[in-house]
Structures are given as C-alpha cells and as structure tokens.
Student: 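One structure is given below, represented as structure tokens, and several questions about it will come after.
Not measured: the values here are computed from a predicted model. Counting starts at 1 for both ligands and their atoms, in listed order. Note: hydrogens, waters and symmetry copies are ignored here, and every other heavy atom, side chains too, is used.
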Amino acid sequence: MSRYNPKELEAKWQKKWQSDKTFQVDLEKAEKPFYNLMMFPYPSGEGLHVGHVYAFGGSDTFGHFKKMQGYDVFEPMGFDSFGIHSENYAIKIGKHPRELIEETTKYFKEEQLDKLGALFDWSKSVTTSEASYYKWTQWLFIQLFKAGLAVRKKSSVDWCPSCLTVLADEQVIAGKCERCGTEVIQKELEQWFFKITDYAQRLLDNLEKIDWSETTKTMQRNWIGRSEGAEIIFKLRDVPGQEDDKHSVTVYTTRPDTIFGATFLVISPETVKSWLDIGFLAKDEVKKYVDESLNKTEVSRLAEGKDKTGVDTEIKAVHPLTGELLSVWVADYVLGSYGTGAIMAVPGHDQRDYDFAKKFGLPIVEVISGGDVKKEAWQGEGKLVNSEKFNGQSVEEAKINLSKYIEEKNSGSKKVNFHLRDWLVSRQRYWGPPIPMIYCESCAKDKKGEQEGMSGWYSVPEKDLPVELPYVEDYQPRGSGVSPLASVPSFLSVKCPGCGKDAKRETDVSDTFLDSSWYFLRYPSVGDDEVAFEPEVTKKWLPVNQYIGGNEHAVLHLLYTRFITMALSDLKLINFEEPFDKFRAHGLIIYKGAKMSKSRGNVVNPNEYMQAYGADTLKMYLLFIGPYELGGEFDDRAITGVYRFLNRVWTLVEGLEEVKESNKELETKLNSLIKKVSDDLENLRFNTAIAALMEFLNLVYKHQSNLSREIVLNYLKLLAPFAPFISEELWEKLGEKGSIHQQSWPEVGKVVEETSWQIVVQVNGKFRGKVEVAKDSSEDQVSQEAQKIPSVEKDLQDKQISNKVWVKGKLINFVAD
Ligand code: ANZ
Ligand code: ZN
C-alpha cells in the first residue's frame, strides 16, 4: 500500500492540469457561462497570507462545484500591482517598484497561487501596472472626462503627511490614512474628482436589486448617507456696511419640526471665511478662529464630547416664523462640506448644540416633550410644545406640516442630502497610470478647452494612448504637492491638442482604486488590444455571476466598481448597470486573537503548511474553521485533524475491495450526503459540508466489507471541490478515465431516496437490536416497533418503563426497572 504524499501528487497534478489545460474555458464557445470572480491581490512583498488562501479557496471550491454541475466556469486571477501599497513597500526595501512587481507577481503566481489547485485561467490575467492594461484605465478616465464626470475642483482635501499625497474620502478611516495609518491633515488643493455624487440615489436604489451580503449593503447605505430634511432661509441683520434683510443664510436641517426651538445659528468656518473675503465681517477674533479651525481635521472637529469652541460674529438672523433675532456664531463643529455649511441650532434637542449653548450661555427652549432640557438635549420622540399652532403634533406629523408651512412662507423648501462625496482620484505619486490630460496655458487664457468650464484642459488623443509611465530612478514622493513626474522634462512637454502650442501634461497619477474599478470587465477581453472590453464577449460573460472578497472594500472598491459600471452603462458602452449579480463577503481569519497583519507580526504564511500537509489540507482546514461569512481563528494544531481525515480517505480507497451489492444504509446515506453537500456548497456553507463528508467517512469505515465502487466514486466527486488534488489522484488510482473535475456532479435520486430510518434500540443503555421504520416516524411509533423485538420484549417483561431516550432518526433507549 502506498502512502498519501501530498507534496508529490499535488506537484504532479498541478503540472498535468496546466499542460492539459484542464481548467481553461473557451470563452467564445462556452454554452453555460459562469463568471466566478474573486478580488485580486495587491502583490506586496510579503506574499499571500493565509487570509488570501481562505478567500480564494472558498471562491474556488464553489467554482469547482459549478464546473462539475456543467457550467463553463471562468475563474480569472490577476494582480492589483499599481498604487501606494506596492510603492510604499518598494520604498521601504529600496527597490524600484517596477522590479519589485516583476519579482512579487512571479512569486505569488508560481510559489503560491499555482499550488492551490484552483481553476485560475492564466491565459486571461491582468497586471494593472502593465501598459497593455493601464492604456485602458487611461481610456476610461478620458471617457469619464468627456461625459463631464471627471472634473477639477479646488477644495479642502485630505492629505497624508506620510504617503505625501491626497486621499479619497473613502481612504480615510477614522481620520487616518487607509494605507499607512498616519493621521491625515487638510489641504486646500485643486484636484481631479469623479462625480460619483451624481449617482448617489441610484447607487442606493439599486442595492435593493442585487443579491449581496447584507453587511456590505448596509455599509454602502450608511456611507452614501441619504438624509431627508429641509433648507431654511434666515435673513441677516447687522452685517457691517450692508442693508438689513438684504442678505440671508440658508441652513440645512433634518428636523424642521424643531424650528421653534432654534435659538441661534452656527456657521461653518469655511463659509465664514468667504464672508471675511467679501468684507461682511472684519472681527480679528473671528479671523483668528477661522484660520485655526481650517487647519484642523474633520475628525478632530467632530470628535464627540470635545469641548465646544466658537465666536459670536455679532451678526443677527431673523427667525422666519417668530421674527425673533438670533445670534450668529462661527464654530468648527459645523462643516463647510456638508449641507449648506450652516445650521440652525436647536439646543433643546441636539446634544452638540446643547453643549455649545451651555458653554456660551445661549437660550435653550424645549419644543418636543419627553425629556428634561435642564439636564440634557432630548433627542427622542414626543409631542410638540412651545410651537404655536403646531403644539400637540407628533415629530413625524410636524416634520411634514412645518416643512409645508415654511415653504408657504417662502422661507425654505424640502431637501435631500447625501453624505457621499465625489471621488478624489488624483495622486501626487509615481506608481500609477499617468492621468491622460494636457493643460494648455494659452488656451486657458483664451477660455478654450475640450469641456465647458474647464479652460485649458484637453484629454490625450486616444490614438496616443497609453501615456507611458517613464522609468524614473528617483520615484520617491516629493511632498510639495506635485508628483515626481513633474521633474521629468521629457514627460512633461507635449503639444496642445487644441491649438498645437507647447503645453504640459498632467503629472499626477490616478488612484489605485481606479485600476481595480474595472478589471473584471477586462479579464474576458485580455489579448484584445483594440478595445478595453470587446462587446460580444462582454455581453456573454458579464455581469459577474458571483464575486467574493473582503468587506474592508465595502465602500471603496465595491462602491467604485458600481459607479464605474453605471457610468459606462449610461455611455452605452455596456448593457448592464450593476457589475456583480451576487457578492458575498467572506469573514476574516484571525490569529492569536487579532486580524492578521504585518505590523502585528501575526501573519501566517501558507507556504509552510502547504509544504507540510499539502494545499488540499490547508484549504480544507481553513474552510472547516467556521461559517465562511464569519471566519474564525487559525489554530496550527487543528490542521492535523483535516490531514488525518484525508489520510483516512486515502487508506480507504487504497484498500478497496470490489463488492457487487452495496449496503442499503450506505446508499441512502450517500443520497442525503449528496443533497447536503450540494445545498451547502450552493450557499457557501463549506464548514458544514466538510463535517458531513467526515461523518460519512466514519460510516463507510464501519461498512468497509460491503462497500461498492459506485459509492466511493460518488464520494470522491463530492470531495473534489474541496480537495482537488487527492480526489484526482484517487480517481486515477481507481482506474477511472479523464479528470475527476470534468465529471458531472452526483445527482440526488440516482441513488435511492432515504425513505426509512434504521433505529438503534437499547434497554438501559445496552444494545438490543435495530428496527427499520418509515422516515419521520414519531417517537411513539418507533417505541411500539422497538418493543416488538424479541430481546426487548423479554427484557421489559416484568419491568416498568420509567423513561425513554429518543434521539430522532437514530436511537431509542428504554430506561426500565
Ligand atoms: C436642527 C436640528 C435639530 C438638527 C435637532 C438635528 C437635531 P444628517 O442626518 O447627517 O443629515 N447639520 C447640518 N449640516 C451640518 C454641517 N454642515 N455640519 C454639522 N452639522 C450639520 O444630519 C443633519 C443634521 O445635522 C441637521 O439637522 C443639522 O442639525 C446638522 F433636534 O438641524 B439639525
Ligand atoms: Zn492650447
């Protein structure tokens, strides 16, 4: 008998599958396309960690299952190789990113990904830093520019002082840079933005139509942050040098019902700055406060419990319903970037306003009953009070009625706001696709340009793409607000596509998330250098049938891909507006109580486990840890349990003796197993499917002497998606033809349906025989049947049954004395 030697047999099959192209699909000829996608990795220097094996392993197991079900499964894999992630690593180890990426992608592929036995189709792979790919990323930018969706705007943006670049709103997590964890600061800069906010409502509405993990949808909903309220106009008095009531300020509120409780206004430092600029205000104290505030980050400005600061502008505002004069303050807890940048403060019912009012001795009025505004703001439900004819109404009623009333008085209107902000896509870095734009000074002076409102700007003519990223020795970020490409004269100079005069290239590169926002569209068209995505093949293969990845991308990658897909759909370049029919977020594998991360020093390298036990064991172990969508704790010791299991499968098949008639119980059990594993796989319940496979093996061992070949072959097929190597080897050992992965999935019903139960009967814990009863019999029915067994009858003859233990479908034990 030979021994299970995973290292040897996995290498053997990996080679053979590759040379036989066992897993390659003919995209044009395929009849039942199934696009099985998983998030491609950043090829960092550390290599894949166990978390990747978990993510890919689950997705690929599902892919294998679909393949055996007769689908033409397209399962591509590639590398998200541009971007700060790779570049920061390159800087850290002092190697040029171009060389680094060449090494790391090779390592990822050959030493790790290839060894998993996955269905990866390497003939259709993308590496985002290759010109054959980023040419089309640039093309995509140009399409958005031409559609008016890529614009330059000057605003206060997040800047990472360590990565030395601006960041998108989504890349700032709790005030820190998503990549390096450094606290971001604000800078006033002109940057390229994609107008994702134009799509806010659609991005929200479409969530109802797609089959995605609820957790992911919720994160997107919250991020988009739809808010329904009203804009209300307050006329201004005492503006230095201005006529009374000539100017006004508009506030945004979600609580028009509380308007009678508005006792002062708070204006954002950003808005007040513009007032200072036009001379509405000249107070030194205000000026000083505004300057200080603008240097603070939003997170620190909004921090809960933070001591409130602010300055009275001495301007007054007229309450639109009572005519009362309210003081107007500037305070940093009101942001310039949201709503109208101004609020009516209702200290009785908003805690921030309450704290502010307490600190500066401003009036607090209760307008919703239910709390005690002497102690704190009441933010709960209640009836209106101190609100004239609206008294007695509920919050919900008053919201509607007061909105109407305010509108009738021409003092405002209903308004919907979104928290989502435009996607800032330019980066002052080297390692990315140069933004394919040209700026012409001369055209700018003449107010000429390709797009309205963007004088001087032209997109690079498409025939000139790609704008190649030059090889620059000194690629380190500069920190001066410009990219290292600005120091490359040969790159910089270009002729203006508008007037032909000397012009300059844009020197910023685009965000990594732009690279990954469309890669799934490229995969099926890889090799086609004429178009980004070929219409026929795209129509056939997209949208993606199932996408699997981490929830850390819920509002980054996953929101961007949806936006880009919608925009391309509007441009009639594709005929669907959602990229992924189904998305499932996998859980996280934690180690020693924490999420694996390099900085914590708890990254588990899969290579050593693959060396020791093989990829089958590692992958199957990971999937066995817990529910796929929850993840779990990696435990070195537990992995041997799975290894032992595969060894037992091996031994069983090795020792298989041919028998004609198979055990009936086994056959019915196999039938349930098929059902169970199929259902579980369909729903990504890998852990319970594996448990069922293990349980069945125990049963098989009991009935070894009358085990039919049919049962073993079916069992191997069920095992194949989880452990592709060993099942293939055993398939071959049994003399079967072709690859097990090209067999069809066992069907329920081919084997007899389980219609009866075999119940073990005990008396006082001692085995007394078995009865066969119809499936789903009641305890009473089983009890009656069991008592007909002669030995049971005898045992119970002159005894009283004091208790019965009934294990449904399995066992009945009579306790008698
Ligand atoms: C009066 C009021 C009374 C408010 C009350 C709340 C409770 P969301 O849901 O996030 O849209 N607000 C408006 N613009 C703001 C800005 N630029 N910076 C800081 N705060 C701002 O929240 C909207 C509420 O947040 C608005 O409703 C406003 O305060 C505040 F009992 O107006 B409210
Ligand atoms: Zn020009």
Student: Give the numbers and elements of all ligand 1 atoms closer than 4.0 Å to a heavy atom of Val346.
Tutor: 1 (C), 3 (C)

Student: Give the residue, atom name and distance (to 0.1 Å) of the protein heavy atom nearest atom 12 (N) of ligand 1.
Tutor: Ile343 CG2, 3.4 Å

Student: Apply side-chain hydrogen bond (donor to acceptor under 3.5 Å, both in side chains) to residues Gln186 and Asn295 and explain how you reach the verdict.
Tutor: CA-CA 6 Å; Gln186 310 301 125; Asn295 278 324; over 6 Å; no

Student: Hey, do the aromatic rings of Phe513 and Trp423 have their centres closer than 6.0 Å?
Tutor: no

Student: Check each of Thr254, Ile368, Val251 against atom 23 (C) of ligand 1 and report the one with the nearest heavy atom.
Tutor: Thr254

Student: Of all the non-hydrogen atoms in the protein, which one sits nearest to atom 10 (O) of ligand 1, and at what distance?
Tutor: His419 NE2, 2.7 Å

Student: Can you confirm, on distance only, whether ligand 1 has an N/O atom lying under 3.5 Å from any N/O atom belonging to His349?
Tutor: no

Student: How close does the nearest protein non-hydrogen atom get to atom 18 (N) of ligand 1, and which residue and atom is it?
Tutor: Leu335 N, 3.0 Å

Student: What is the minimum heavy-atom distance between Leu424 and Ala168, and which atoms define it?
Tutor: O-CB, 3.7 Å

Student: Ring centroid separation for Phe194 and Tyr560, is it under 6.0 angstrom?
Tutor: no

Student: Which residue owns the protein heavy atom closest to atom 5 (C) of ligand 1, what's the atom, and how far is it?
Tutor: Arg255 CG, 3.5 Å

Student: Give the residue and atom name of whichever protein heavy atom lies nearest to atom 28 (C) of ligand 1, and the separation in Å to one decimal.
Tutor: Tyr252 O, 3.7 Å

Student: Side chain, backbone, both or neither: which part of Gln379 comes within less than 4.0 Å of ligand 1 when only heavy atoms are counted?
Tutor: neither

Student: If you take all heavy atoms of Lys195 and Phe563, which pair is closest and at what distance?
Tutor: O-CE1, 4.0 Å

Student: State whether Trp159 and Lys187 meet the cation-pi test: NZ (Lys) or CZ (Arg) under 6.0 Å from the six-membered ring centroid, and within 45° of the perpendicular axis.
Tutor: yes

Student: Ring centroid separation for Phe360 and Phe356, is it under 6.0 angstrom?
Tutor: yes

Student: Quick check on Gln242: does its CD atom have over 12 non-hydrogen neighbours (other residues, nucleotides or ligands) under 6.0 Å away?
Tutor: yes

Student: Could you check which of Lys415, Glu270, Arg352 puts a non-hydrogen atom nearest to atom 20 (N) of ligand 1?
Tutor: Arg352

Student: For atom 6 (C) of ligand 1, find the nearest protein heavy atom and state the residue, atom name and distance (0.1 Å precision).
Tutor: Asp350 OD2, 3.4 Å

Student: Under 4.0 Å from any heavy atom of Thr258, which atoms of ligand 1 are there?
Tutor: 3 (C), 31 (F)

Student: Would you please determine whether Ser227 falls within less than 4.0 Å of ligand 1 on a heavy-atom basis?
Tutor: yes

Student: Do other residues, nucleotides or ligands put more than 12 heavy atoms under 6.0 Å from the NZ atom of Lys283?
Tutor: yes

Student: Quick one: are the ring centres of His349 and Tyr354 less than 6.0 Å apart?
Tutor: no

Student: Which is it for Val334 and ligand 1 at heavy atoms under 4.0 Å: side chain, backbone, both or neither?
Tutor: both

Student: Which protein non-hydrogen atom lies closest to atom 33 (B) of ligand 1, naming both residue and atom, and how far is it?
Tutor: Thr253 OG1, 3.6 Å

Student: Who's the nearest protein heavy-atom neighbour of atom 19 (C) of ligand 1, and how far?
Tutor: Tyr333 O, 3.4 Å

